[in-house]
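To start, the structure itself, in structure tokens.
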Amino acid sequence: MATVGVRRRKRSRGDSLGLEAPTASVPPLYHGGTGDALAGSLRAANPLERVSNFSPGPTSLPSTVMRSISEEFLSWNQCGLSVLELSHRSPEFLEIKRDAEMTLREVMEIPEGFTIIWAHGGGHGQFAAIPLNLCGEKSARADYVVTGAWSERAAQEASKFCQVDRVQPKPGTDPSDWEFSSEPPAYTYICSNETIDGFEFRAEDFPHRLGVPLVVDMSSDICSKVLDWSRIGVAFACAPKNIGHPGLTVVIARNDLLERKSQRETCPGILDWKNFIESDGMWNTVATFNVYTTAKVLQFIQDEGGLPEMERRSIEKSSILYDVIESSGGLYSTPWKISRHRSRMNVCFEVKEEDPHSSRNTEAFLTGAHQLNIIGLKTKTPFPTGNKLRASLYTSVSISDVQKLASYMKDFQKISQ
Ligand SMILES: Cc1ncc(COP(=O)(O)O)c(C=O)c1O
């Protein structure tokens, strides 16, 4: 495969990142497209134009964030060092960390009685950390509301450390009608947005049981909607979808839950929330560059109007695509018929195949999209997804990106008729 697009040149400190703009001699469509699109490649078909990246994550960061990072990459705040080179205990990094926490608190309107932890180990680390920190012993019970692949995986992991009761919500019903265990569990667990399956809880649909803390995996919808913290005990999210890149997980926990009896004797230190609290977040080396990047994205969100504006955009972006799907005469379909459950972050859809065992139309759709620099609609995942496509609409995806995809979907519909 040709290695055109971006040429590297010898780098000197003080110069830009050593990346040159693509040369004009590069033909606009230098790839055939088909192979790349079907293999889940994110490579631009036309590197002269910015891509519209609908990848489920890790994904693009807002371009103003990327620009700001690149401008101060070699010397942060005129200190002569890159953030990559700062010690996590230096006053300079502590300033970055304080700033990240303050902005997160302001943006998410996190009340006083909650503590923020910057953790390692991604969402999966917290799948184990939650029962280890919230269940005094292995015999304790926890309710897991299973709405898709990620809540199921969390339930499987938790069952190593506590007794898991699965709650299966009936589509279209109110959480108050679901069958939770009769004995109050140590906590109730939900994944507020199932990244793979496209099921989302609206903030007002978070189940509420008096005296039972609610744990929420917000990995793919954090900072996309306004929350009611009186319903939440613990919220956590891996960063690389809405607020950063891989290597950082944020945990926001109500203080009284941190005082609970945990499985501390056997809990690996890196998963023990108390270690982070007692060391002011410095129990081990915090992921410095990730915290810095997340602080930048949070500042972007705040400057753009905060969560009310992010929520408004999410509604607008997802509605554009669901409208195209609904009015496609059956060419496109989405698994969730009830709009209240439809994800505003990951719009899942299929392109109709005459032969259900074929993927001919899906492949033609993807190839055409790729030639327009629309990427990330089909990426590899360890979960079986068949012909399902996903348009992920995270923080960095603009309304014009979505309009471009919608207009392509309509054009594809016309040529398919
Ligand atoms: C909703 C959700 N939870 C958890 C995870 C797992 O996160 P990680 O890969 O950081 O362990 C993901 C990853 O995509 C996710 O989308």
Side-chain angles (χ1 to χ4, degrees), residues 40 42 53-61 117-132 144-160 164 169 187-203 205-206 214-225 227 232 234-252 268 270-271 286-287 289-291 293-294 297 314 335-336 341-348 376-385 388-397:
L42 299 175
N53 186 0
F54 294 98
S55 168
T59 190
S60 302
L61 299 175
I117 299 169
W118 303 110
H120 295 269
H124 283 83
Q126 295 309 309
F127 292 168
I130 284 151
L132 284 165
Y144 275 71
V145 181
V146 177
T147 45
W150 287 116
S151 45
E152 175 53 34
R153 189 166 268 199
Q156 282 170 15
E157 187 69 358
S159 62
K160 297 177 189 165
V164 165
Y187 59 89
T188 300
Y189 180 102
I190 62 167
C191 174
S192 54
N193 182 64
E194 289 282 0
T195 321
I196 294 171
D197 306 83
F199 179 104
E200 183 173 343
F201 282 92
R202 307 282 176 250
D205 282 343
F206 285 11
L214 181 69
V215 177
V216 191
D217 174 0
M218 291 187 185
S219 292
S220 51
D221 62 341
I222 188 167
C223 288
S224 73
K225 57 190 175 214
L227 298 170
I232 299 170
V234 179
F236 72 93
C238 61
K241 296 165 195 305
N242 273 325
I243 56 164
H245 68 128
L248 186 71
T249 314
V250 60
V251 181
I252 306 160
I270 193 71
L271 298 180
V286 60
F289 195 76
N290 304 59
V291 172
T293 306
T294 291
V297 180
S314 298
W336 298 103
H341 300 321
R342 283 180 181 167
S343 174
R344 292 170 178 161
M345 291 283 101
N346 311 96
V347 175
C348 295
L377 295 170
K378 180 128 185 109
T379 52
K380 302 254 172 198
T381 106
F383 301 96
T385 54
K388 193 168 75 186
L389 306 178
R390 265 184 298 173
S392 299
L393 310 178
Y394 302 132
T395 312
S396 69
V397 175

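Given the structure is predicted, the values throughout are model-derived calculations rather than measurements. Counting starts at 1 for both ligands and their atoms, in listed order. For this chain, numbers begin at 1 and follow the sequence in order. Worth knowing before you read on, the calculation uses all heavy atoms, side chains too, and leaves out hydrogens, waters and symmetry mates.
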Self-check item: Proximal ligand 1 atoms for C238, defined as those under 4.0 Å from one of its heavy atoms
Solution: 7 (O), 10 (O)
Practice problem: Run the numbers for me: atoms of ligand 1, each under 4.0 Å from some heavy atom of S219, listed by number. | Solution: 1 (C), 2 (C), 3 (N), 4 (C), 15 (C)
Exercise. Kindly indicate, with the supporting measurements, whether the criterion side chain to side chain contact (heavy atoms under 4.5 Å, CB included) is fulfilled by V250 and W118.
Key: CA-CA 5 Å; V250 60; W118 303 110; 3.8 Å; yes
Practice problem: Give a yes-or-no answer on whether the side chains of S396 and S60 include a donor-acceptor pair shorter than 3.5 Å. | Solution: no
Quiz item: Given D197, T195, N346, which one has a non-hydrogen atom that is nearest to atom 1 (C) of ligand 1?
Solution: T195
Quiz item: Counting heavy atoms only, which of Q126, M218, E194, H124 is nearest atom 6 (C) of ligand 1?
Solution: H124
Quiz item: Would you call K241 a ligand 1 contact, heavy-atom distance under 4.0 Å?
Solution: yes
Quiz item: Should N193 be listed as contacting ligand 1, given a heavy-atom distance under 4.0 Å as the test?
Solution: yes
Quiz item: Just heavy atoms, cut-off under 4.0 Å: does C191 contact ligand 1 by side chain, backbone, both, or neither?
Solution: side chain
Quiz item: W150 to ligand 1: N or O pair under 3.5 Å?
Solution: yes
Self-check item: ring-ring contact (aromatic ring centres under 6.0 Å, His included) partners of W336, counting only residues at least two apart
Solution: F199
Self-check item: Student check: side-chain heavy atoms of K388 and I196 closer than 4.5 Å
Solution: yes
Quiz item: Are any non-hydrogen side-chain atoms of R202 and K225 less than 4.5 angstrom apart?
Solution: no
Quiz item: Considering only the protein, which heavy-atom contact is closest to atom 7 (O) of ligand 1, and what is its distance?
Solution: G123 N, 3.4 Å
Exercise. Tell me which protein heavy atom sits closest to atom 3 (N) of ligand 1, plus the residue, atom name and distance to 0.1 Å.
Key: D217 OD2, 2.6 Å
Exercise. For a side-chain hydrogen bond (donor to acceptor under 3.5 Å, both in side chains) with Y394, tell me which candidate from N53, D221, T59, N346 qualifies.
Key: N346
